Amino acid sequence: QVQLVESGGGLVQAGGSLRLSCAVSGRTFSLYAMGWFRQAPGKEREFVAGISRGSERTDYVDSVKGRFTISRDNAKNTVYLQMNSLKPEDTALYYCAARYSQYGSRRGNDYGYWGQGTQVTVSS
């Protein structure tokens, strides 16, 4: 069974930075593409970033391009989301997700495994 545990969320002022981590169980982590999603109160869950099995490809929603970086360390079974220049509109519950595929997807339903989320709050 694949389990995902997010960490690194917290309260930060606008313009600050946070790095989210997602630890994934199992020996087949390298066979899963990974993604980060977020959901703010009153809004639908939104794709944030995705990364392929071997980090060959990455993808970002336009609103975070140039500010967020997704990466993974397959030796540590961990995917990261480095968030810089944070804005109040980045405030959301951030979820890590795994998909048994070469590449990630912007569609949440394409992912079979999800973490419980970690809260990111950006104050103005």
Side-chain angles (χ1 to χ4, degrees):
Q1 184 178 11
V2 177
Q3 292 185 322
L4 293 73
V5 180
E6 302 97 332
S7 62
L11 175 64
V12 64
Q13 291 185 337
S17 298
L18 285 173
R19 188 180 77 158
L20 306 184
S21 298
C22 175
V24 184
S25 67
R27 64 170 62 183
T28 59
F29 173 70
S30 63
L31 298 181
Y32 290 83
M34 302 296 298
W36 286 97
F37 292 76
R38 65 188 181 186
Q39 187 167 23
K43 300 182 67 176
E44 294 187 36
R45 185 164 57 191
E46 175 190 31
F47 169 81
V48 178
I51 190 167
S52 61
R53 286 171 170 169
S55 302
E56 302 93 345
R57 301 279 295 275
T58 57
D59 186 33
Y60 302 90
V61 67
D62 286 346
S63 61
V64 309
K65 287 181 178 178
R67 299 189 298 120
F68 290 10
T69 303
I70 187 171
S71 62
R72 66 190 294 163
D73 186 341
N74 286 353
K76 298 178 66 174
N77 279 28
T78 303
V79 63
Y80 306 94
L81 185 67
Q82 178 67 48
M83 304 184 295
N84 299 326
S85 302
L86 283 162
K87 305 174 181 180
E89 50 262 46
D90 295 318
T91 295
L93 187 64
Y94 282 71
Y95 296 93
C96 178
R99 178 189 183 217
Y100 192 76
S101 180
Q102 178 73 41
Y103 301 109
S105 172
R106 293 190 169 198
R107 293 179 287 272
N109 287 343
D110 287 343
Y111 293 83
Y113 303 94
W114 293 81
Q116 292 298 305
T118 184
Q119 179 67 39
V120 172
T121 303
V122 184
S123 63
S124 60

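FYI, the numbering just counts along the sequence from 1. Model, not experiment: these values are computed from the prediction. Side-chain atoms are counted along with the backbone in the values below, which use heavy atoms only and exclude waters and symmetry mates.
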**Student:** Using 0.5 Å steps for rounding, measure from the OG atom of Ser101 to the CG atom of Leu31.
**Tutor:** 10.5 Å
**Student:** For the backbone of Ala23 and the side chain of Thr78, can you confirm whether one donor and one acceptor N or O come within less than 3.5 Å of each other?
**Tutor:** no
**Student:** Would you name the heavy atoms of Val79 and Phe29 that are closest together and state the gap between them?
**Tutor:** N-CZ, 4.3 Å
**Student:** To check you understand the geometry: which heavy-atom pair defines the closest contact between Ile51 and Ser55, and what is its length?
**Tutor:** CD1-OG, 3.6 Å
**Student:** Are the side chains of Val24 and Tyr113 in touch, meaning some heavy atoms are under 4.5 Å apart?
**Tutor:** no
**Student:** Just checking, is any N or O donor in the side chain of Arg99 or Tyr111 under 3.5 Å from an acceptor N or O on the other one?
**Tutor:** no
**Student:** Tell me whether Tyr94 shares a hydrophobic cluster with Val61, the cluster being built from Ile, Leu, Val, Met, Phe, Trp, Tyr side chains joined at under 4.5 Å.
**Tutor:** yes
**Student:** Do you know which two heavy atoms are closest between Ala33 and Gly104, and how far apart they sit?
**Tutor:** CB-N, 3.4 Å
**Student:** Take atom CD in Glu56; do more than 12 heavy atoms of anything else shown fall under 6.0 Å from it?
**Tutor:** yes
**Student:** Is there a donor-acceptor pair closer than 3.5 Å between any side-chain N or O of Glu6 and the backbone N or O of Cys96?
**Tutor:** yes
**Student:** Evaluate whether atom CZ of Arg45 has more than 12 neighbouring non-hydrogen atoms of other residues, nucleotides or ligands under 6.0 angstrom away.
**Tutor:** yes
**Student:** Can a donor-acceptor pair be found, under 3.5 Å and without considering hydrogens, that links the side chain of Arg106 to the backbone of Val48?
**Tutor:** no
**Student:** Within this structure, what is the CD-OG distance for the pair Glu89 and Ser63, rounded to the nearest 0.5 Å?
**Tutor:** 8.5 Å
**Student:** Return the orientation label for the Trp114 and Tyr95 ring planes: parallel under 30°, perpendicular over 60°, tilted otherwise.
**Tutor:** perpendicular
**Student:** With a 4.5 Å limit on heavy-atom distance, are the side chains of Tyr80 and Cys22 in contact?
**Tutor:** no
**Student:** Among Asp90, Val120, Thr118, Leu81, exactly one meets side chain to side chain contact (heavy atoms under 4.5 Å, CB included) together with Arg38. Which residue is that?
**Tutor:** Asp90
**Student:** Donor-acceptor pair, distance only, cut-off 3.5 Å: does the side chain of Gln82 make one with the backbone of Arg19?
**Tutor:** no
**Student:** Could you tell me the separation between the OG1 atom of Thr121 and the CG atom of Leu93, rounded to the nearest 0.5 Å?
**Tutor:** 9.5 Å
**Student:** Taking atom CD of Gln119 and atom CG of Leu11, what is their separation to the nearest 0.5 Å?
**Tutor:** 9.5 Å
**Student:** Using only atom types and a distance under 3.5 Å, with no angle test, would you say the side chain of Arg67 pairs donor to acceptor with the backbone of Ser85?
**Tutor:** yes
**Student:** Return the OH to NZ distance between Tyr60 and Lys65, rounded to the nearest 0.5 Å.
**Tutor:** 10.0 Å
**Student:** Please report the shortest heavy-atom distance between Gly9 and Leu20, naming the atom on each side.
**Tutor:** N-CD2, 3.6 Å
**Student:** Looking at every non-hydrogen atom in both residues, tell me the closest pair between Arg72 and Ser52 and how far apart they are.
**Tutor:** NH1-O, 2.9 Å
**Student:** Taking all non-hydrogen atoms of both residues into account, name the closest pair between Asp110 and Ser105 and its distance.
**Tutor:** OD2-OG, 2.6 Å
**Student:** Within this structure, what is the OG-NZ distance for the pair Ser124 and Lys87, rounded to the nearest 0.5 Å?
**Tutor:** 14.0 Å
**Student:** Centre of Tyr100's six-membered ring, under 6.0 Å away, within 45 degrees of the axis: is that where NZ or CZ of Arg53 sits?
**Tutor:** yes
**Student:** Answer yes or no: is there a donor N or O on one side and an acceptor on the other, between the side chain of Asn77 and the main chain of Gly26, under 3.5 Å?
**Tutor:** yes
